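Report on one structure; see the data block that follows.
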Protein chains: 2
Amino acid sequence: MKKTRGRPPSGGREEILKATLDVLRERGIARLTTREVAERAGVSEGSIFYHFVDRPGLLKAVFENSLDGMKNLTSAAYASNDIRTTLNTFAKVIADFLDSGLDVLIAAQADAELRGVVVDFLVGNDYGPHRGIAGIGHYLAEQQAAGVIRSDIDPKIISYLIVSDAFQRAAQPKLFGQRKGVPGQDAFFTALMTLIAPVD
Amino acid sequence: MKKTRGRPPSGGREEILKATLDVLRERGIARLTTREVAERAGVSEGSIFYHFVDRPGLLKAVFENSLDGMKNLTSAAYASNDIRTTLNTFAKVIADFLDSGLDVLIAAQADAELRGVVVDFLVGNDYGPHRGIAGIGHYLAEQQAAGVIRSDIDPKIISYLIVSDAFQRAAQPKLFGQRKGVPGQDAFFTALMTLIAPVD
DNA sequence: GTCTATAGGTTGATAGAC
DNA sequence: GTCTATCAACCTATAGAC
């Protein structure tokens, strides 16, 4: 059996994908032309159409590439025995994904057809925030059973608060251009730990 | 003194703005052409350029129009004596804005230049989530002083949780196409009330 | 202020050689 | 698989009449 599955990397294809994402983030999807992508990737326009058929095909490939990072959202390893440290690790995994994943999700909204393609992909793979929420929720349920966090709250809600925080933290600077009003991550987690601590 | 300030409404201008927002939300900004806007508004393309100079000018006008709804985020009236009811009212004001405001903020990301225009507008008017957070935070601080909510938490954090929830609730269906994982608003507020209740 | 007609520029996509 | 050259379509913007 060969070591690499599928096409042998001649470089061109990957360079195109990378260049596309770069242009997407810098110029915005409305300014993304196959011409500029070709220049940045160091290939001709013809190559782009050879590999991806058409512009939507190129974008679809880039989108699915970035969005596949969402599969990691369920299975973040438990980092330590400390709750806060573990929750922080979960949050970091989500934040890492959102940094580039959000750009793609937002870009897709610029075109109704791309919107549909992305949604189909997400739904088809069952990708979405609920995966992160479920993963953290499972961990928190264990902690609750162990009596480490208060018992009068649905762990899913706590989990949702953590995911929402990560989402807000990632999305706000992108959409509003500033981070005003968002508490530091430390302040957030400190408050959260206080809120979910067992009540006497 | 005349009753109406500024230009007498001949209708055309407003129709164009409305049609533009409609096309923006339906087709996406990348598919928004002056041609289709003109058709929908029932005017000629020439009229669009007469009123808004160029395409970016048209979009800028639409953006600022929608984003100005953000000024209401600070001053939501206190609805009742009940905390939960009042917080729900705050949340509703934010949700109402986000429903259309988010579409505009997201659309602007499709073009680096528009991105800049919008950010300048937001920063220049000090618009952003922090306004909602500050408004609710002020109310919560009063409640805390009155002993109705626990005293060991910064009210700003609670306020941030509420705004984040509203944001997640509005953004997720737009970006992911589904609402999976988001708890119902009632469940969220019920949990929140439990979390912020005074501890013995 | 609004229209019609059209110019001018850009862009996605194809054809065919290598 | 990659390139060059080119086309056809589309869209923004302008000019000038009403």
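Throughout, a chain's letter reflects where its sequence line sits, starting with A, and its residues are numbered from 1. Keep in mind that what you see is a predicted model, and the values were worked out from it rather than measured.
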Within this structure, what is the [atom1]-to-[atom2] distance between [X] and [N], rounded to whole angstrom?
| X | N | atom1 | atom2 | value |
| --- | --- | --- | --- | --- |
| B:Arg13 | C:dT2 | CZ | P | 11 Å |
| B:Leu58 | D:dA13 | CG | P | 10 Å |
| B:Leu32 | D:dC11 | CG | C1' | 12 Å |
| B:Arg55 | C:dG9 | CZ | P | 19 Å |
| A:Phe49 | D:dT2 | CZ | C1' | 14 Å |
| B:Arg27 | D:dC11 | CZ | P | 11 Å |
| B:Arg35 | C:dT10 | CZ | C1' | 14 Å |
| A:Glu39 | C:dT11 | CD | C1' | 13 Å |

Atom of [X], atom of [Y] and distance for their closest heavy-atom approach:
| X | Y | result |
| --- | --- | --- |
| A:Ala19 | A:Val37 | CB-O, 3.9 Å |
| A:Leu195 | B:Ile158 | CD1-CD1, 4.4 Å |
| B:Arg115 | A:Leu24 | NH2-O, 4.1 Å |

Could you list the donor-acceptor pairs under 3.5 angstrom formed between side-chain atoms of residues 186-193 of chain B and any protein atom two or more places apart in sequence or on another chain?
{"from": "B:Thr190", "atom 1": "OG1", "to": "B:Arg84", "atom 2": "NH1", "distance (Å)": "3.1"}
{"from": "B:Thr190", "atom 1": "OG1", "to": "B:Arg84", "atom 2": "NH2", "distance (Å)": "3.1"}
{"from": "B:Thr190", "atom 1": "OG1", "to": "B:Asp186", "atom 2": "O", "distance (Å)": "2.8"}

(message) Between the side chains of A:Arg25 and A:Asp99, is the shortest nitrogen-to-carboxylate-oxygen separation below 4.0 Å, so that they form an ion pair?
(response) yes
(request) May I ask you to evaluate whether B:Thr34 reaches the phosphate of D:dA13, defined as a side-chain N or O under 4.0 Å from OP1 or OP2? (result) no
(message) Side-chain N or O of B:Tyr50 versus OP1/OP2 of C:dT2: is the shortest distance under 4.0 Å?
(response) no
(message) Pick the closest DNA chain C nucleotide for A:Arg31 and for A:Val53 by heavy atoms, then say which residue is nearer the 5' end.
(response) A:Arg31
Taking the side chain of [X] as its heavy atoms from C-beta onward, which of [options] lies nearest to it?
| X | options | value |
| --- | --- | --- |
| B:Glu45 | D:dC3, C:dT2, D:dT12 | D:dT12 |
| A:Thr33 | C:dG1, D:dT12, C:dT11 | C:dT11 |
| A:Val43 | C:dC3, D:dT12, D:dC3 | D:dC3 |

